[in-house]
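One-based numbering along the sequence shown.
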Amino acid sequence: MIELDAYAADCRVHGQVEFGEGRLSDQLNRTLKLHIRDARLEDLADGHVVAMPELTVGHEEICAVVASGPRGDAARRLNTRTARVEVEVGPYRIVGRVHGPPTADPFASVLRRAAWLPLTEATVTYRRGPDDVTDKVMTLLVNRHLIRTFRVAEASSNLP
């Protein structure tokens with residue numbers, strides 16, 4: 001079991017999911033639904049929390065997932081170069097780094113990726129009730145199918 005920390009269109013989703021071996025991104029790309037135990041849904045409108053013993057959600061309901069669990073086989077990692085990007089998905093604005101082959105533009109390689117696009121050094125900004133919320137995440141898996149805007153980040157964005 002691993003801890004799930006996800007961003008849905010109208011709430012934050014927390015709970016436990018059981019996956020097989022390997023990286024969370026690989027597991028997400030192999031399944032169309034998440035079966036969440038001890039789910040806690042935090043409403044974006046007013047922040048109230050609803051607890052449920054079990055919940056099943058389809059990928060089309062999840063905008064992004066905070067990466068956790070194993071990083072994968074170090075021997076299979078490739079040298080990459082990064083580009084700073086700004087992404088809008090659901091009610092979230094995300095600034096982070098997309099990785100790609102060293103000989104190609106990382107920005108251009110996004111369309112060839114699987115459904116869950118990893119961004120590193122990510123900052124997620126959204127509203128919860130009247131408050132602006134900013135989360136800093138080492139690695140965020142963004143649902144590529146739900147992205148509304150994907151562009152090179154401007155120098156004034158939330159990343160160094």
Side-chain angles (χ1 to χ4, degrees), residues 1-42 44 52 54-126 133 135-153 157-159:
M1 290 285 230
I2 65 166
E3 187 67 28
L4 177 75
D5 183 3
Y7 298 83
D10 60 351
C11 65
R12 292 292 313 278
V13 180
H14 307 277
Q16 302 281 322
V17 291
E18 188 166 340
F19 281 127
E21 296 294 317
R23 300 178 308 174
L24 178 59
S25 60
D26 295 334
Q27 300 295 331
L28 287 171
N29 283 318
R30 281 197 282 266
T31 182
L32 296 177
K33 295 190 181 293
L34 292 175
H35 302 285
I36 306 166
R37 293 189 185 146
D38 300 322
R40 296 173 317 284
L41 309 176
E42 182 181 353
L44 295 182
M52 304 172 77
E54 290 187 25
L55 175 68
T56 300
V57 295
H59 282 195
E60 70 278 1
E61 299 178 69
I62 302 292
C63 298
V65 176
V66 176
S68 61
R71 287 189 59 202
D73 185 358
R76 296 186 63 205
R77 290 191 196 130
L78 303 172
N79 184 27
T80 61
R81 67 180 232 189
T82 64
R84 289 170 20 112
V85 295
E86 182 177 333
V87 179
E88 290 180 18
V89 57
Y92 308 100
R93 178 181 168 268
I94 303 163
V95 178
R97 296 189 181 280
V98 65
H99 296 247
T103 59
D105 179 5
F107 190 80
S109 70
V110 169
L111 294 177
R112 295 186 299 270
R113 298 278 185 114
W116 294 92
L117 174 67
L119 299 178
T120 58
E121 300 175 27
T123 301
V124 183
T125 306
Y126 59 100
V133 178
D135 298 335
K136 294 193 183 293
V137 178
M138 286 302 300
T139 304
L140 186 71
L141 305 170
V142 179
N143 187 338
R144 188 172 63 82
H145 300 296
L146 298 180
I147 292 175
R148 286 191 327 265
T149 304
F150 186 87
R151 62 181 164 255
V152 174
S157 295
N158 295 335
L159 281 178

From CA spacing to verdict: side chain to side chain contact (heavy atoms under 4.5 Å, CB included), Glu60, His145: CA-CA 8 Å; Glu60 70 278 1; His145 300 296; over 6 Å; no

Excluding sequence neighbours, so at least two apart, what forms salt bridge (charged side-chain N to carboxylate O under 4.0 Å, His left out) with Asp10?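 Asp10 satisfies salt bridge (charged side-chain N to carboxylate O under 4.0 Å, His left out) with no residue once adjacent residues are dropped.
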
Any heavy-atom pair between the side chains of [Y] and [X] that's under 4.5 Å?
| X | Y | result |
| --- | --- | --- |
| Leu41 | Met52 | yes |
| Val85 | Leu119 | yes |
| Leu141 | Leu117 | no |

Carboxylate-amine/guanidinium proximity below 4.0 Å for [X] and [Y]:
| X | Y | answer |
| --- | --- | --- |
| Lys136 | Glu121 | no |
| Glu88 | Arg148 | yes |
| Arg37 | Glu3 | no |

Would you name the heavy atoms of [X] and [Y] that are closest together and state the gap between them?
| X | Y | answer |
| --- | --- | --- |
| Trp116 | Val65 | CZ3-CG2, 4.0 Å |
| Thr139 | Thr120 | OG1-CG2, 3.9 Å |
| Leu44 | Ala9 | CD1-O, 3.9 Å |
| Thr31 | His59 | O-CE1, 2.6 Å |
| Cys63 | Ala8 | SG-C, 4.0 Å |
| Ile36 | His14 | CG2-O, 4.2 Å |

Could you tell me the separation between the [atom1] atom of [X] and the [atom2] atom of [Y], rounded to the nearest 0.5 Å?
| X | Y | atom1 | atom2 | result |
| --- | --- | --- | --- | --- |
| Ile62 | Leu4 | CD1 | CG | 7.0 Å |
| Arg97 | His99 | CZ | NE2 | 8.0 Å |
| Leu140 | Tyr92 | CG | OH | 10.5 Å |
| Glu61 | Asn143 | CD | CG | 11.0 Å |
| Leu34 | Glu18 | CG | CD | 13.0 Å |
| Tyr126 | Asp135 | OH | CG | 4.0 Å |

I would like to know whether Thr149 and Ile147 meet side chain to side chain contact (heavy atoms under 4.5 Å, CB included); could you show each step before the answer? CA-CA 6 Å; Thr149 304; Ile147 292 175; 5.6 Å; no

Using modelled atom types and a 3.5 Å cut-off, is there a donor and acceptor pairing between side-chain atoms of Asp38 and backbone atoms of Glu54?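 Not confirmed, Asp38 side chain does not pair with Glu54 backbone.
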
Say whether, by atom type as modelled, one donor and one acceptor occur between the side chain of Asn29 and the main chain of Ala115 under 3.5 angstrom.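 Present.
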
Walk me through it: do Tyr7 and Val66 pass the test side chain to side chain contact (heavy atoms under 4.5 Å, CB included)? CA-CA 8 Å; Tyr7 298 83; Val66 176; 3.9 Å; yes

Does atom CE of Met138 have more than 12 heavy-atom neighbours from other groups under 6.0 Å away?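 Atom CE in Met138 is not packed in, count stays at 12 or less.
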
